[in-house]
Amino acid sequence: MSLLATEILTPRYELAWYPWAVQYFFMIAISYSALMLSLPGLVFRRERFLPLARLALLVAVTCTLVGPVALLADLHQPARFWHFYASPAPWSWMSIGAVLLPPYVVLTILYGYFAWRPALVTRGAEGQGWDAKLARLLCLGNWQTPQLAVIVFGALAALFACGIMLYTGAEIAILASRPLWNTNWLPVMFVLTGLIAASGLVMLLNRLMAGANADVYRQGLKVILVAILGAAVVAATWFIQGMTGYSPSVQAALESVRHNPDWTAIAAWALSAGVVLFLVTVAMLRAPKWQRWAWLLGLLAIHMGWAFRWLVLMEVQTVAKNTAGYYHLAVEAGSYGLLGIIGTFGLWLAVLLIIDILVPWRDVNNARSATY
Amino acid sequence: MDFARRTLLGQMARLTAGAALVPLSSLANAGINDQPPRREGDSSKRYAMLIDLRQCIGCQACTVSCHIENEAPLGSFRTIVSQYEVENEDTGDIATMMLPRLCNHCEAPPCVPVCPVQATYQREDGIVVVNNEACVGCAYCVQACPYDARFINEKTQTADKCTFCAHRLDVGLLPACVESCVGGARIIGDIRDPDSQISRMMAEHHDDLMVLKPEQGTSPHVFYLGMDERFVTRPLADPAIWDVRDNEGKEIGYEFAGH
């Protein structure tokens with residue numbers, strides 16, 4: 001006997017996580033990815049990676065400062081954030097994340113500070129203008145910048161960055177209630193798309209703030225190539241797993257794509273964006289004369305990193321758990337919606353510009369003479 | 001595929017209803033995503049609910065009385081009766097399926113271990129509650145519940161859910177939904193007491209009891225009698241109700257699609 005069922009009464013459920021969550025996941029992923037991109041130049045002291053490291057450090061510090069603001073805003077009771085520390089729950093990934101996040105932020109800032117301080121000292125010694133005065137103030141006294149500090153704080157920040165990668169992925173991936181999230185491949189995908197977006201942002205800022213250094217473009221393109229190939233392998237493995245055995249995650253994805261035109265459009269868009277990103281990256285790496293346009297490709301890379309998180313965190317929430325059909329995803333104009341999204345980016349831009357004014361980040365140098 | 005899968009789920013549902021009667025061993029020393037220790041409540045009891053769907057007429061008296069008792073904001077529900085129009089494709093016969101939904105007070109509630117501030121917890125008597133003075137409103141528990149039994153209360157800005165009316169049970173009263181059920185379809189009680197009505201009914205109908213989404217491994221403690229196994233998991237149904245908005249986008253009511 002086959003039945004046709006029609007739902008005639010059901011409540012509408014609001015989405016419980018706002019676009020703030022997307023902003024946090026986006027900012028923090030760029031932060032830890034950019035931190036990793038800065039390591040070869042600043043911690044391992046490879047001279048040819050220094051221009052990349054300067055930009056990556058700027059991106060890492062700015063996103064690290066803004067990310068937690070978005071996270072706080074996604075709480076419905078932001079003033080109660082101290083409850084995370086007053087009554088921790090070590091069995092909850094979110095609680096573990098609350099413990100990891102502050103040291104990560106502090107270590108990243110210290111890493112940036114010690115990398116930038118020699119340049120601040122130099123600027124402070126260069127005259128009586130307001131920028132020199134500010135630089136002397138930021139030097140916090142007259143002492144020699146310990147050379148080891150950059151390496152130590154950079155390495156420690158990188159260690160905590162791995163913790164952030166793990167917890168942000170795991171806290172979503174453990175939720176069996178939403179099959180689309182419940183896959184071990186999700187944390188890997190977060191990291192890979194984070195690397196793509198961070199490289200994209202570094203290439204964009206390379207064009208806007210650092211005189212379009214050719215090395216930075218080439219290195220950024222290589223990172224994108226590796227990450228997009230990794231993402232393709234992960235996506236293929238996830239899909240093949242679902243085809244050859246039973247994977248609720250793949251099954252839920254296929255059902256959504258089959259029954260919902262929005263999801264079909266999203267899947268088509270994601271696939272074509274990935275293919276275009278891959279092809280253009282390969283083309284640019286083979287024909288260096290096109291690399292001066294790499295910042296444009298950077299925009300697509302940033303889009304991919306953000307859109308992946310929007311899809312995973314917001315669109316998946318529209319799939320009903322108990323009832324038929326899909327919930328309506330309405331992005332409101334206010335601070336829970338559009339204003340929150342734009343506001344986060346605006347805050348990031350403000351932080352970027354303030355650091356650009358206060359800190360001579362372009363002069364970061366590994367040379368011993370500059371660290372007196 | 002669907003028939004086989006649903007039959008399997010139905011069998012699992014029966015199996016799990018049986019397994020739920022065996023108390024789980026202590027879950028202290030919780031690892032990541034394990035159940036933290038229970039606290040408060042009477043450890044000699046284990047509250048559960050049996051819903052006799054044969055008696056449910058879909059009047060929504062439970063929905064309304066719960067709403068009044070627990071002051072949920074308009075549009076948010078701790079319990080509601082889902083209603084489906086079901087057509088037999090072979091004969092064209094039409095029937096209505098009523099499915100009261102509420103928190104399942106699971107033996108392994110996935111909403112509890114995710115809470116980062118220990119605001120939501122399971123009492124010794126099995127009832128899952130939220131301390132809304134500790135809740136930070138992160139909504140992680142709302143995401144973790146496979147039954148959509150939780151919501152963020154827009155007045156308190158914290159997680160909200162059915163508590164089996166613990167405040168009433170603790171003083172010897174019945175939950176509002178049970179008290180108001182005209183058909184006597186909702187039976188609540190202590191399943192550790194072999195003489196309670198729910199224990200007797202569960203023993204009598206043991207093989208016919210089902211729980212929702214048994215494949216999630218949550219071991220729900222709301223048991224359904226007279227359930228069609230096709231509704232145990234997310235029903236393969238057409239959504240038919242749409243909200244209607246005026247020109248300013250303000251909600252003015254509901255209507256059925258195609259009418």
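Remember, it's a predicted structure, so these values are computed and weren't measured experimentally. Computed over heavy atoms, backbone and side chain alike; hydrogens, waters and symmetry mates excluded. To find a chain, count down the sequence lines: A is the first, B the second, and so on, and within it residues start at 1.
A side chain to side chain contact (heavy atoms under 4.5 Å, CB included) with A:Ser92 is found for one member of B:Pro113, B:Pro36, B:Pro116, B:Cys138 and no other, namely B:Pro116.
At distances below 3.5 Å, at least one donor-acceptor pair connects side-chain atoms of A:Gln77 with backbone N or O atoms of B:Thr156. Between the side chain of A:Lys321 and the main chain of B:Gln143, a donor-acceptor pair closer than 3.5 Å is present.
Interface remark: of the candidates B:Ala119, B:Ser82, B:Gly58, B:Ala144, B:Ala144 forms the most heavy-atom pairs closer than 4.5 Å to chain A. Ranked by heavy-atom pairs under 4.5 Å with chain A, the first of B:Asn33, B:Asp148, B:Ile152 is B:Asp148.
Within the 4.5 angstrom heavy-atom criterion, no atom of A:Ala98 approaches chain B. Looking at A:Glu171, both its backbone and its side chain come within 4.5 Å of chain B, counting heavy atoms on both sides. Proximity to chain B (any heavy atom under 4.5 Å) is shown, for A:Ala21, by neither the backbone nor the side chain.
Nearest heavy atom pair, residue A:Ala89 against residue B:Cys115, reads CB-O, 3.4 Å.
Side-chain contact between A:His83 and B:Gln118: absent, with no pair of heavy atoms (C-beta onward) separated by less than 4.5 Å. The side-chain heavy atoms of A:Trp93 and B:Val114, taken from C-beta on, include no pair separated by under 4.5 Å. At a threshold of 4.5 Å between non-hydrogen side-chain atoms, the residues A:Trp17 and B:Val142 do not count as touching. Within the 4.5 Å cutoff, side-chain heavy atoms of B:Lys213 are placed close to those of A:Asn322. Counting only heavy atoms from C-beta outward, the side chains of B:Val136 and A:Met94 never approach each other to under 4.5 Å. Looking only at side-chain heavy atoms (C-beta outward), B:Thr158 and A:Arg80 come within less than 4.5 Å of each other.
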